[in-house]
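In what follows, a structure is listed as structure tokens, so that the remarks can point back to it.
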Protein chains: 2
Amino acid sequence: MTPQDHGPGFCCADHSGAANVTAILTEAETRARAQGARLTPVRRRTLEILLQAHGALGAYEVLEKLSTEGFGSQPPVAYRALNFLVDHGLAHRIRRLNAFTACAHPGHDHRAAFLICESCNSVTEADAGAVSAALDQAAQSAGFHLNRATIEAVGQCSACRDSAA
Amino acid sequence: MTPQDHGPGFCCADHSGAANVTAILTEAETRARAQGARLTPVRRRTLEILLQAHGALGAYEVLEKLSTEGFGSQPPVAYRALNFLVDHGLAHRIRRLNAFTACAHPGHDHRAAFLICESCNSVTEADAGAVSAALDQAAQSAGFHLNRATIEAVGQCSACRDSAA
DNA sequence: TATCTAACGTTATATCATAACAGTCAAGGC
DNA sequence: GCCTTGACTGTTATGATATAACGTTAGATA
Ligand SMILES: [Zn+2]
Ligand SMILES: [Zn+2]
Ligand SMILES: [Zn+2]
Ligand SMILES: [Zn+2]
């Protein structure tokens, strides 16, 4: 269940490069402030770890990195930072994987769907506009008031399909 | 996180009544046989427990019931039965709740969405035809080959909305 | 500076899930 | 009928994920 290792020099197509990370962190800082929240060192570093990761990371994976960098070493340290990020739209929880991933489009008040590759464990955040609309419709006809939704697809990403051929 | 208690005599609107349970069990038996699988006593009883439950049940809740009835008392007993049911389309796993629920429409090879009420913990299985189609579309435009998906909505059911008014 | 609160880190514990192995049982070949 | 075989059940043990509770620290506020 560990993410596939990549040799040095290779990086997933839709994986945020280092340049992007800085931009997103700045954006995150701004966004957090606007909500009256503080992007403290642990939180910021946690987001950075997610941004640099291939695929989603489990809380204990994040924790390990944090603890080797002088932050706390106990589970609540990671869970608190991760939950903060999720609550503020900076990360998403992937329930099927018991893991977390940085939001690819912070700032948008979006509804996302996640495409999870069974071969390389990559997680891609897709726009769920249409899916979400259909779900709203289904909920409405059941008389259900929808607050939020989890949409996760499991399959094979295009890169893995190509290499399997 | 325990399902809301109902007084005697009350039963959720969309909760399978006892009559229905028998019918579904028979159907399940048939369906299992057709797949070359056996609906053994633990499996059958597990399905029955799910069918009679209000909302979804955690594996350990199911286990407790099973063990007081003379079945095994250790976690694998429940997980094996539950996984069997899920694999054979007789139950669904609700990831957001770490729980399981009986399939409301066994026999259909359906894609389902689940409507989870935050007030009464009920779980309703909705037809996800349109949602699923939209998701297929989203996956396709990302070049992703979709195998299966989890669609779970959290909100408030109509009964709870009405009683809150 | 004094005060207040959010955030942090810790210990301890709860909750969910699976690996591995031994005994049981029913179906099919001889 | 009897044996082989594989599916099923139950157990022990352990792993993996997540939170409760509490004392301390550090930022904001007045
Ligand atoms: Zn996002
Ligand atoms: Zn892949
Ligand atoms: Zn179903
Ligand atoms: Zn309700």
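All chains are named by letter (A, B, ...) in the order of the sequence lines, taking the proteins before the strands, and each is independently numbered beginning at 1.
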For residues A/Asn147 and B/Glu118, is any side-chain donor paired with an opposing acceptor at under 3.5 Å?
yes
Let me check the geometry of the helix from C/dT1-D/dA30 to C/dC30-D/dG1. What is the bend angle between the axes at its two ends, five pairs each, to 10°?
30°
With A/His92 via ring-ring contact (aromatic ring centres under 6.0 Å, His included) - residues at least two apart
A/His110, A/Phe114
For DNA chain D, which nucleotides open and close the run of contacts to chain A, 5' to 3', at under 4.0 angstrom from a non-hydrogen atom?
D/dT17 to D/dG27
Check residues 66-75 of chain B and write down every donor-acceptor pair under 3.5 Å in which the side-chain atom is one partner and the other belongs to a residue at least two apart or another chain.
from    : atom 1 : to      : atom 2 : distance (Å)
B/Ser67 : OG     : B/Leu63 : O      : 3.4
B/Ser67 : OG     : B/Glu64 : O      : 3.0
B/Thr68 : OG1    : B/Lys65 : O      : 2.9
B/Glu69 : OE1    : B/Arg45 : NE     : 2.6
B/Glu69 : OE2    : B/Arg45 : NE     : 3.3
B/Glu69 : OE2    : B/Arg45 : NH2    : 2.9

Please list, chain by chain and in numerical order, all residues satisfying ring-ring contact (aromatic ring centres under 6.0 Å, His included) with A/Tyr79, sequence neighbours excluded.
none
Can you give each donor-acceptor pair under 3.5 Å made by side-chain atoms of residues 33-44 of chain A, sequence neighbours left out, with the distance rounded to 0.1 Å?
from    : atom 1 : to      : atom 2 : distance (Å)
A/Arg43 : NH1    : A/Arg38 : O      : 2.8
A/Arg44 : NH1    : A/Glu29 : OE1    : 2.7

Could I get the full list of salt bridge (charged side-chain N to carboxylate O under 4.0 Å, His left out) partners for A/Asp87, not counting sequence neighbours?
none
Rounded to the nearest angstrom, tell me the gap between atom CZ in B/Arg80 and atom C1' in C/dA20.
11 Å
Whether A/Glu61 side chain and A/Gly58 backbone form a donor-acceptor pair below 3.5 Å
yes
I'd like to compare against my own output: the B/S/- annotation of nucleotides 11-18 of chain C with a strict under-4.0 Å heavy-atom distance to protein.
B----BBB
Are B/Leu82 and B/Leu57 co-members of a hydrophobic cluster defined by side-chain heavy atoms under 4.5 Å apart?
yes
Please give me the minimum heavy-atom distance between B/Asp127 and A/Ala138, naming the atom from each residue.
O-CB, 4.3 Å
Inter- and intrachain pairs under salt bridge (Lys or Arg N to Asp or Glu O under 4.0 Å), touching residues 152-165 of chain B, at least two apart
none
In short, side-chain hydrogen bond (donor to acceptor under 3.5 Å, both in side chains) pairs touching residues 133-144 of chain A with sequence neighbours left out are A/Arg111-A/Asp136
With B/Ala139, which residues qualify under side chain to side chain contact (heavy atoms under 4.5 Å, CB included), at least two apart?
A/Leu115, B/Phe144, B/Leu146
Residues of residues 36-48 of chain A with a heavy atom under 4.0 Å from any atom of DNA chain D, listed by number, are A/Arg38
